[in-house]
Amino acid sequence: MNIKFLGQCGFIFESEKISFAIDPVLNDLIENGQSIRNYPPVFEPEELNVNYVFCTHNHIDHLALETVSKIADKNQNTEFIIPNGCINILKKQGINSERIHGLKAGETLFLEGLKVLGISTAHPVHNVEDNLAYSIVFDGKHIFHLGDTYLTQQLKKDLLNIGKIDYFFPPINGMDEEKAAKGIIGNLNIKEAVELTNMLQPEIVIPTHYDMVKGNTANPQEFVDEMKKVNSNQKIKILPLANK
């Protein structure tokens with residue numbers, strides 16, 4: 001399996017038989033007439049050719065409408081997996097409902113080559129229709145992409161029976177007064193991401209959500225250092241941005 005990092009929470013997963021992306025953001029992000037990206041997209045949306053695109057929730061750095069629309073237009077066979085609350089958003093972009101798979105927390109979706117379970121996340125509160133983490137099994141590997149979330153007792157409870165995880169993707173950008181003043185909701189901080197990683201004991205942890213958006217960053221090396229203090233045996237990968 002090949003994993004490519006697109007920045008923020010965006011990844012591509014490729015095997016010989018199937019490929020999918022989670023939270024790809026391949027367009028500029030504009031607020032108040034200014035770009036809030038720290039670097040340009042790694043390639044154009046039309047260049048992303050995968051079987052499936054997952055989006056975790058309706059924020060511009062996760063469900064990027066320009067990216068999703070251009071992928072849909074260019075690659076007519078690509079299908080989209082999103083929380084139920086986002087279905088009409090994609091329909092308004094002209095994407096045929098037959099290509100859209102809605103999911104809510106606790107539901108399992110079987111697609112060709114994939115088994116997908118939706119898990120409720122708190123961003124900022126738990127909402128089973130709008131904010132999802134994805135447990136994805138394919139090619140004998142278990143991927144768990146957390147999307148955006150705070151660390152809650154409900155999340156811990158929901159993950160107790162998630163099973164052995166091969167690749168775990170937690171956000172690490174946290175929350176503070178400066179981010180709150182900008183209207184940023186925030187996420188797990190580094191220590192919370194370490195706590196959850198240590199609870200789940202994945203084969204490999206790959207931190208996310210620390211690099212793309214101005215004023216909403218974190219240092220992944222701090223996650224590595226903190227993780228090693230808690231569990232020196234935990235395997236960690238910090239992925240470079242993908243090339244074309």
Side-chain angles (χ1 to χ4, degrees), residues 1-26 38-57 61-64 67-68 71 75 78-82 109 111-119 121 132-149 159 162-173 187-188 193-194 196-197 200-212 217-221 223-224 227 233-244:
M1 183 176 63
N2 187 29
I3 303 175
K4 297 177 181 178
F5 182 41
L6 302 177
Q8 196 79 333
C9 287
F11 294 87
I12 301 171
F13 302 85
E14 299 172 322
S15 71
E16 292 182 359
K17 298 179 180 179
I18 199 166
S19 61
F20 60 93
I22 303 178
D23 283 353
V25 181
L26 299 172
N38 282 316
Y39 50 83
V42 295
F43 49 77
E44 296 299 318
E46 294 89 344
E47 298 178 75
L48 179 59
N49 186 5
V50 292
N51 300 105
Y52 303 104
V53 170
F54 291 77
C55 295
T56 57
H57 61 286
D61 55 337
H62 297 268
L63 175 50
T67 293
V68 168
I71 293 170
N75 305 295
T78 299
E79 299 178 18
F80 300 86
I81 298 90
I82 56 172
L109 178 67
L111 300 167
E112 185 174 352
L114 299 181
K115 177 185 176 182
V116 183
L117 171 65
I119 301 288
T121 54
L132 293 181
Y134 292 112
S135 165
I136 304 170
V137 177
F138 86 113
D139 278 5
K141 297 295 184 181
H142 183 187
I143 292 163
F144 187 61
H145 188 289
L146 198 51
D148 279 3
T149 190
L159 298 184
I162 196 72
K164 178 62 178 176
I165 297 170
D166 294 295
Y167 298 92
F168 178 45
F169 298 82
I172 64 169
N173 59 303
N187 267 313
L188 302 176
V194 166
L196 196 54
T197 301
L200 296 173
Q201 298 282 303
E203 181 66 23
I204 298 173
V205 59
I206 301 174
T208 73
H209 213 306
Y210 55 78
D211 64 326
M212 183 187 291
T217 60
N219 184 350
Q221 185 59 47
F223 173 81
V224 173
M227 189 74 248
N233 294 320
Q234 176 63 59
K235 294 178 182 178
I236 308 165
K237 294 284 188 181
I238 307 297
L239 297 183
L241 287 172
N243 296 316
K244 288 187 179 181

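Small disclaimer: the values here were computed from a predicted structure and weren't measured. Note that the numbering runs from 1 along the sequence shown for the chain.
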Using atom types as modelled and distance alone, determine if a side-chain donor or acceptor of Asp166 lies under 3.5 Å from a backbone N or O of Ile143. no
Would you find more than 12 non-hydrogen atoms of other residues, nucleotides or ligands less than 6.0 Å from Gln221 atom CD? yes
Sort out for me which residue in Phe11, Phe138, Tyr52 forms a ring-ring contact (aromatic ring centres under 6.0 Å, His included) with Phe20. Phe138
Residue pair Ile3 / Leu239, side-chain heavy-atom distance below 4.5 Å: yes
Has Gln234 got a side-chain atom pairing as donor or acceptor with Pro202's backbone, closer than 3.5 angstrom? yes
Looking at every non-hydrogen atom in both residues, tell me the closest pair between Ile238 and Pro207 and how far apart they are. CD1-CG, 3.3 Å
Would you check if Val50 and Phe13 make a side-chain contact, meaning some heavy-atom pair closer than 4.5 Å? no
Run the numbers on Phe223 and Val205 for side chain to side chain contact (heavy atoms under 4.5 Å, CB included), then give the verdict. CA-CA 10 Å; Phe223 173 81; Val205 59; 3.8 Å; yes
Lys164 atom NZ, neighbour heavy-atom count above 12 within 6.0 Å: yes
Using the salt bridge (Lys or Arg N to Asp or Glu O under 4.0 Å) criterion, which residues pair with Lys141? Sequence neighbours excluded. none
CG (Asn187) and CD1 (Ile172) are apart, to the nearest 0.5 Å, by 10.0 Å
Check for a donor-acceptor pair, side chain of Lys4 on one end and backbone N or O of Ala21 on the other, with a separation under 3.5 Å. no
Taking atom CZ of Phe168 and atom CD of Gln201, what is their separation to the nearest 0.5 Å? 11.5 Å
Is Tyr134 reaching over with its side chain to a backbone N or O of Ile119, donor-acceptor style, under 3.5 angstrom? no
OG1-NE2 distance between Thr149 and His209, expressed to the nearest 0.5 angstrom: 11.0 Å
Would you say Phe169 and Ile206 make side-chain contact, with heavy atoms under 4.5 Å? yes
Check whether any side-chain N or O of Asp139 sits under 3.5 Å from a backbone N or O of Ser15 as a donor-acceptor pair, and report yes or no. no
Consider only side-chain N and O atoms of His62 and Asp23, and report whether a donor and an acceptor are under 3.5 Å apart. yes
With side chain to side chain contact (heavy atoms under 4.5 Å, CB included) as the test, would you mind laying out the steps for Leu109 and Ile81 before giving the verdict? CA-CA 9 Å; Leu109 178 67; Ile81 298 90; 4.1 Å; yes
Just verifying a value: how many Å separate Ile12 CD1 and Asn2 CG, rounded to the nearest 0.5 Å? 9.0 Å
Under the salt bridge (Lys or Arg N to Asp or Glu O under 4.0 Å) rule, collect the residues that match up with Glu46, sequence neighbours excluded. none
Drop me the distance from Thr208's OG1 to Gln8's CD, to the nearest 0.5 angstrom. 7.5 Å
Check Cys9 against Gly147 and note the closest heavy-atom contact, atom names and distance. SG-O, 4.2 Å
Is there side-chain contact between Ile162 and Leu200, with at least one heavy-atom pair below 4.5 Å? yes
Minimum heavy-atom distance Pro24-Leu48, with the two atoms named: CB-CD2, 4.0 Å
CG of Leu117 to CD1 of Ile136: how many Å apart, nearest 0.5 Å? 10.0 Å
Thr67 side chain vs Leu26 backbone, donor-acceptor pair below 3.5 Å: yes
Between Leu146 and Leu188, is there a side-chain heavy-atom distance shorter than 4.5 Å? yes
Can you say whether the rings of Phe5 and Tyr210 are parallel (under 30°), tilted (30 to 60°) or perpendicular (over 60°)? tilted
Side-chain (Asn51) to main-chain (Ser19) donor-acceptor, under 3.5 angstrom: yes
Would Glu203 and Lys235 satisfy side chain to side chain contact (heavy atoms under 4.5 Å, CB included), going step by step from the backbone distance to the final call? CA-CA 7 Å; Glu203 181 66 23; Lys235 294 178 182 178; 3.0 Å; yes
Taking the side chain as everything from C-beta on, heavy atoms only, tell me whether Leu6 gets closer than 4.5 Å to Leu241. no
Kindly give the heavy-atom pair with the smallest separation between His57 and Leu63, and that separation in Å. O-CB, 3.3 Å
Test side chain to side chain contact (heavy atoms under 4.5 Å, CB included) on Asn173 and Thr217; report intermediate values, then the result. CA-CA 6 Å; Asn173 59 303; Thr217 60; over 6 Å; no
May I ask you to check whether Ser135 and His142 show a side-chain donor-acceptor distance below 3.5 Å? yes
